[in-house]
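What you see below is based on every heavy atom in this structure, not just the backbone, and it leaves out hydrogens, waters and symmetry mates. Keep in mind that what you see is a predicted model, and the values were worked out from it rather than measured.
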Amino acid sequence: MKSIMMKRDEKYLFSQLKSGSEKAFEYFFKTYFEQLYQYAFQITKEQFQSEEIVEDTFVMLWEKRKQIDLLDTPKSYLFRMVYNQCLNYFKHKKVSDKYKAFFVHHQPVSDFPGSFTGYPLETLINREFQEILERSIQKLPDQCRRVFTMSRLEGRKNKEIAMLLGISINTVKTQLLRGLKSVRSDLRNLIVLLFLKK
C-alpha cells in the first residue's frame, strides 16, 4: 500500500516538476542520484563517466521537463533516461576513439608544404572555449562557483568538497548540478557560433 501511495505522490511531484518546481526537481535529484549512479556504473564500469551521465540526465530532465509525457513511474523514466545516456556515451566513445586513431596515424597540418604553422582553427576554438568557460564560472553564485571549481577544475571528489566546505554531500551535488546547467548552457552558444562561422 505504501509503495502505491509513493508512486502516486511521485507522479504528482513529477507534474509539479514539469510546471517548473525546483523543490520537486530537488526531490528526484536527492532521492535517485545514488541509485542511478550505481546503475550507470554497472553498465560503464567507469566512476567519473557514471557521475557525468547521471548529471547530464538531470540537466536534460530539467531542460526538457515541459515536453515529457510520462507513461510510467518517474523512477522507471529516470532509469530509462540513464540507460539511453549510457548508450550515447558508448557511441560517442567509439567515434572519439576513431578520431584519436586518425590523428595518431596522419600528418599534422604544419607538416604539409605551404601550410600555416600549427592549428589556427583549433587554437581559436580553444581560446574562445576558455574565455567563455571562465566568464561562465565567474557568473555562478559563490558557493556554486566554489563547488564547481573544486569538482571540475581541481578534480576533487564530492565527499572531499563537502568536508572542505563544511556542507552536506547532497548540497555539493545540488550546487554542482546548478553549475553544470549554467556553464553548459553558455558553452552551447560557442557551438552555435562555430556553425555560423562555416
Side-chain angles (χ1 to χ4, degrees), residues 2-3 6-7 9-18 20-65 67-68 70-97 133 136-137 140-141 143-185 187-188:
K2 186 177 179 181
S3 176
M6 177 61 75
K7 288 179 181 178
D9 290 343
E10 287 196 342
K11 284 192 173 182
Y12 170 74
L13 282 172
F14 202 85
S15 69
Q16 294 293 101
L17 187 154
K18 287 186 66 172
S21 169
E22 290 191 4
K23 287 186 177 179
F25 176 82
E26 192 169 338
Y27 164 82
F28 287 109
F29 182 76
K30 289 182 176 179
T31 302
Y32 290 111
F33 187 94
E34 188 60 31
Q35 294 180 49
L36 294 169
Y37 164 74
Q38 294 296 338
Y39 178 61
F41 184 74
Q42 288 177 11
I43 298 172
T44 66
K45 309 300 182 188
E46 296 181 31
Q47 182 179 348
F48 180 77
Q49 291 300 334
S50 297
E51 288 183 0
E52 286 272 299
I53 284 168
V54 178
E55 288 162 2
D56 284 345
T57 296
F58 277 103
V59 170
M60 189 185 304
L61 176 69
W62 180 256
E63 290 178 342
K64 298 187 176 181
R65 63 189 184 280
Q67 304 160 18
I68 296 173
L70 192 66
L71 301 176
D72 206 341
T73 64
K75 180 178 180 179
S76 298
Y77 185 82
L78 287 169
F79 272 84
R80 190 161 60 252
M81 284 183 75
V82 168
Y83 176 76
N84 289 333
Q85 287 290 91
C86 288
L87 292 184
N88 288 338
Y89 162 67
F90 284 120
K91 288 177 185 176
H92 176 76
K93 187 174 186 300
K94 190 175 181 181
V95 172
S96 178
D97 288 344
L133 179 61
S136 186
I137 292 173
L140 299 173
Q143 189 180 69
C144 186
R145 183 172 65 250
R146 287 197 297 270
V147 169
F148 185 91
T149 301
M150 293 171 78
S151 173
R152 288 301 180 262
L153 301 186
E154 298 175 10
R156 297 180 187 271
K157 302 292 184 185
N158 289 346
K159 287 183 180 178
E160 184 184 3
I161 296 171
M163 182 183 68
L164 290 172
L165 297 181
I167 56 179
S168 69
I169 292 180
N170 275 335
T171 300
V172 171
K173 291 177 179 178
T174 302
Q175 292 296 330
L176 180 57
L177 185 69
R178 286 175 180 166
L180 285 166
K181 280 161 58 179
S182 177
V183 170
R184 285 174 182 167
S185 175
L187 292 179
R188 282 195 197 98

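- For the pair Lys23 and Phe28, the cation-pi criterion (under 6.0 Å, within 45° of the ring axis) is not fulfilled.
- Looking only at side-chain heavy atoms (C-beta outward), Leu164 and Arg156 come within less than 4.5 Å of each other.
- Taking each heavy atom of Met150 and Glu154 in turn, the nearest pair found is O-CB, 3.4 Å.
- Formation of a donor-acceptor pair under 3.5 Å by the Ser151 side chain with backbone atoms of Val147 is not found in this model.
- Judged purely by distance below 3.5 Å, without hydrogens or angles, the side chains of Glu46 and Tyr89 pair a donor atom with an acceptor atom.
- Side-chain contact between Met60 and Gln85 is present, with at least one heavy-atom pair separated by less than 4.5 Å.
- For the residue pair Tyr32 / Glu10, a side-chain donor-acceptor distance below 3.5 Å is found, with atom types taken as modelled.
- Taking all atoms of both residues into account, the shortest heavy-atom contact from Thr57 to Met81 is O-CE, 3.5 Å.
- When side chains are defined from C-beta on, Gln143 counts as touching Ile167, because their heavy atoms get closer than 4.5 Å.
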Output, in order, the C-alpha distance, side-chain angles, deciding distance and verdict of side-chain contact (heavy atoms from CB on, under 4.5 Å) for Arg178 and Glu22. CA-CA 11 Å; Arg178 286 175 180 166; Glu22 290 191 4; 4.2 Å; yes
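- Residues Phe25 and Leu177 meet the side-chain proximity criterion, which asks for heavy atoms closer than 4.5 Å.
- Gln38 and Glu34 are linked by a side-chain donor-acceptor pair at a separation below 3.5 angstrom, with hydrogens and angles left out of the test.
- The line from CZ of Phe14 to NZ of Lys11 is 11.0 Å long, rounded to the nearest 0.5 Å.
- The structure places CD1 of Ile68 at 11.0 Å from CH2 of Trp62, a figure rounded to the nearest 0.5 Å.
- With rounding to the nearest 0.5 angstrom, the OH atom of Tyr77 is 7.0 Å from the CZ atom of Arg80.
- Side-chain contact between Glu55 and Phe33 is present, with heavy atoms from C-beta onward closer than 4.5 Å.
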What's the verdict on side-chain contact (heavy atoms from CB on, under 4.5 Å) for Tyr37 and Gln47, showing C-alpha distance, side-chain angles and the deciding distance? CA-CA 8 Å; Tyr37 164 74; Gln47 182 179 348; 3.0 Å; yes
Is there a side-chain contact (heavy atoms from CB on, under 4.5 Å) between Val82 and Ile43? Walk through the geometry before answering. CA-CA 10 Å; Val82 168; Ile43 298 172; 5.7 Å; no
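- No donor-acceptor pair under 3.5 Å is formed between the side chain of Arg145 and the backbone N or O of Ile137.
- Across all non-hydrogen atoms, the minimal contact from Ala24 to Leu17 is CB-N, 3.7 Å.
- Closest approach of Ser136 to Ser182, counting heavy atoms only: OG-O, 3.9 Å.
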Worked verdict on Glu63 versus Val59 for side-chain contact (heavy atoms from CB on, under 4.5 Å): CA-CA 6 Å; Glu63 290 178 342; Val59 170; 3.6 Å; yes
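- Here the straight-line distance linking atom CZ of Arg152 with atom CG of Leu176 works out to 5.0 Å at 0.5 Å rounding.
- Contact of the Lys173 side chain with the Ile169 side chain is registered, since non-hydrogen atoms from C-beta on lie closer than 4.5 Å.
- Checking Thr171 against Thr174 by side-chain atom types alone, no donor-acceptor pair falls below 3.5 Å.
- With rounding to the nearest 0.5 angstrom, the CG atom of Leu13 is 7.5 Å from the OG atom of Ser21.
- Within 6.0 Å of atom OH in Tyr83, 12 or fewer heavy atoms from other residues, nucleotides or ligands are found, so the atom counts as exposed in its surroundings.
- In this structure the side chain of Leu61 never reaches within 4.5 angstrom of the side chain of Phe29, judged on heavy atoms.
- Residues Lys75 and Gln35 are in side-chain contact: their nearest non-hydrogen atoms beyond the backbone lie under 4.5 Å apart.
- Listed here is the closest heavy atom pair of Phe90 and Thr44: CZ-CA, 3.9 Å.
- In this structure, Lys181 NZ and Phe58 CZ are separated by 11.5 Å, a value rounded to the nearest 0.5 Å.
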